[in-house]
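Since the structure is predicted, the reported quantities are computational estimates derived from the model, not experimental observations.
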Amino acid sequence: MTRGLATILLAVAVAIGSWGEDKPDEKELRFWLENLFWHHRFSDEEAAGALNRSAEEVKELKKKFGLGAEPAQPTRERILVLPYPGGRHPRIGFLDGAVNPQRDTKASVFLPWKGSEKDYVVIDLPEALWSNLGLTYLAHTHIPTIWDKAGVKLDPIDWSRKPDGGLESKRTLPNGLEFAARVQPQQDSAGLELKLKNGTAEQLTGLRAQICVLLKGAADFNAQTNANKVIDGAVAAVKSADGKRWIVTAWERGRAWGNPPCPCLHSDPVFPDLEPGEEAAARGTLFFYEGEDPRGEAERRLRGLVETRLAETPESAGVRIALDHGDRADVDATIGEAPAPSFRLLLPEAVLAEGKPLASGVHTAAGAWIEAKGAWQGAIRPGEAVECAVRLEPRRGDVLIAILVKNVSARAFEDVRVDLCANLCRLPKTWEKEWSNRDFIPASVPLNRDEQGKYWYRELTPRRLKAWSPEEGWIEMHPRPEQADRLPENPYEAQLGAGDRSLACAVPSLDGKRFFYQAWAAKRSRHQSPFSGNACMHLRPQVAERLEPGELAVLLGAAGVFAGGAEDLARHFEKLCASAPAVDAAGRPFILKRGTIDLDLVETTPILFQGRAWRFEWVREGYWNNALRQNHFRFVDLATGAATEPFARGHDFGSAFADGDTMYVTGTWERREVRVFASRDLKSWETWPAINRPGYGIFNTSVTKAGEEYVLMFEIDKPLEEAGAAFTARFAKSRDFRRWEITPPECNYARDRYTAPHCLRWLDGWFYDFYLEAHEGYEMRVVRSRDLVRWEPSPLNPVLRASPEDKLIANPRLSEEQRRKIAAARNINNSDIDFCERNGRLLINYSWGNQQGIEFLAEAVYPGTLEQFLRGWFPGR
């Protein structure tokens, strides 16, 4: 603990030479001597330990600087905060748990009460840091850190003193992880902050800090027991012996506890996972309180910290998502580090067709949910007519939402819509904690459903809650704004608004600086008037004009809190409500993974033919339901699930291409020849060879039409001079689908590495090759070329990569045994992508698994056209 201070004072003493008028170095020495003797009241012997000098030398320093009796201290507007000088152990007991405590991270906060001004607590900020790497930092010797194990010694650091009395410090660990601490004195408290920045090359997870408030120096609070403490959630408090005064600490996302032998208080914050270059901060408080409700006072101060953070950077506050019971689409969203949620979403309350419910209470139905990097996705089957999926991606200030509806009935539905509810409160139930967003509903309104609903109807929504239409602008949503005091007899009575283009709605905060909103990228949407039963707003956007049996559609939208004025919000809505192109939170084409639909299938092609949607399948010999026990091809009707008769027995790596009234299928024979199969009814098949060149090893195939030419992409691993590093795309062209000419060897992608091709498309002179790259497992990427020689990679790659959503169950007919296989499977790849456009959206098939024979077939959707999808991977180009 003494290394840093001893080094400083030794250098200062050498530089002084004479003891005349104070010089800059003399002022530094005087500060530390006053800190030791006047403020911390060290004995000469304790000061000698801190200074690494003899007691006689210390006495001489005191004499030369005239440090006799302490002068009267001025009245302070803020509490006193000083670096802890070390030399005296800050604990009473459990000393073997803190050998050689370092002074680097320790600061003394002095009590503000008259008669206790010389008492202090020592805050260790931080005492320890943990991550997925293990114990990453420790401010004393106890458990070996990762640096102890590596034989790396950390140099001492010191606090920087600020003119306003605050302290700041920063340390960069050898792997690049940086932490910065701040202690800011206030009237009766110290504001605390800890920032982490990931300067490593890898993601850091499991980040948490231990922040210790040591009580040894506060005589009336340092009993070695927890009987004098309140430990509740994020709040840790200790009371004086007479029970009238409290020392309290609390942190955002804190976990409170106390260690009696030390004695000490903890409220240890948890940090989000950090990608390389990302940073995060946690704020806390240490305050001194006289009263009977330290927990309530701590929560009030925590809320103040959050409000300050939002006021400073409202547009940059991230959102965290929590699900009701962990399996329902009742969503609580928290902006930044707020101690309570900021808004609530019910996604959706109902699915309707032609104005009548197909499914009600969808948000209350249990579903299967997966969380990955803060995003949530769930699959729900609320009834016999439809299946639903919901994806939630937190962004800065809002949540990006995708809602999928699939028709699983035998008839088509017209005008399919969802009823979407957004709330400003969560009202009490026996298993939940109540809350209300006090930026919109004042604290004077009790946490009671009736009172919240009445305030919403009477005060907040008249002429303030408005829908937004791109044609009409802002539209009043209240049914009777001039008679808002007249509550309807039925508190849940609501009316649908006129018109069908209310794509968004919003209500301003009490101070008018923010808006709570929801917005949807739909062609049609109706708003619903507010009612007095709850503080919520409703829209009914259209998901699909018509939904055929087996067809699915996706609606994109967002909900959150917007900082700015009404005109700024309207411009924000113009972007959110644009029907295309659909992008995710990172600006990439938005792909909604539905999950697994079958096992042991790869190389499938979703395709439209003669007005119906099909899935072409290569049924492998080892497929779980292959009665032939032989490779073959077939088509499956997506509306009925019925399969055609098998054909092309013994063939592999098939792909389908529809052109007019003819369905073409390409596949390989014995991995040395590409053959074509053609049919007009999917029953009778004609076949002929397309490529039969000795020495070729052939795998995947895919066909596209480029103007008047058909272009075949086929995958090879030999001959070596053409394949290079397996696997490589080669190409052939035809004018009639019968006679094929292989292009020159320079037409390939790519011979220098693993680039297995899967799907070829053409648009406006560009060929798009969706291929498999060996990178962090195996991931789908896309490149494009005008000549099949020079290729341009997408700046947004990858297209698909392995993720937890792959294991969602998108086929309710899968058995429990199959579901167990899916849950237990190793997932390192997304491959075999293919897709087709239907009614303005893309149905995507892909495979996932271990890339060594254990594969699963999954389905995904892009809510846009093929043209938008292809162009979306090359924005602005």
Quick check: does any side chain N or O of [X] sit under 3.5 Å from a backbone N or O of [Y], one acting as donor and the other as acceptor?
| X | Y | result |
| --- | --- | --- |
| Glu451 | Asn448 | no |
| Thr461 | Trp456 | yes |
| Asn407 | Leu547 | yes |
| Ser525 | Ser502 | yes |
| Ser409 | Ala385 | no |

Does any part of the side chain of [Y], heavy atoms only, come nearer than 4.5 Å to the side chain of [X], both counted from C-beta?
| X | Y | result |
| --- | --- | --- |
| Pro589 | Trp873 | yes |
| Arg801 | Met780 | no |
| Trp251 | Thr285 | no |
| His572 | Glu574 | no |

Inset, instruction - May I ask you to decide whether Arg841 forms a salt bridge with Glu551, counting only side-chain N to carboxylate O separations under 4.0 Å? - result: yes
Legend entry - Exercise: do Ser803 and Lys593 side chains pair donor with acceptor under 3.5 Å: yes
Legend entry - Thr865 side chain to Glu867 side chain, donor-acceptor N/O pair below 3.5 angstrom: no
Inset, instruction - Work out which heavy atom in Ile321 is nearest to a heavy atom in Trp376; give both atom names and the distance. - result: O-NE1, 3.5 Å
Legend entry - Exceeds 12 heavy-atom contacts within 6.0 angstrom, atom CD of Glu472: no
Legend entry - Member of Ser529, Pro348, Cys421 meeting the side-chain contact (heavy atoms from CB on, under 4.5 Å) criterion with His538: Cys421
Inset, instruction - Among Arg396, Arg391, Arg395, find the residue that satisfies the salt bridge (Lys or Arg N to Asp or Glu O under 4.0 Å) test when tested with Glu393. - result: Arg391
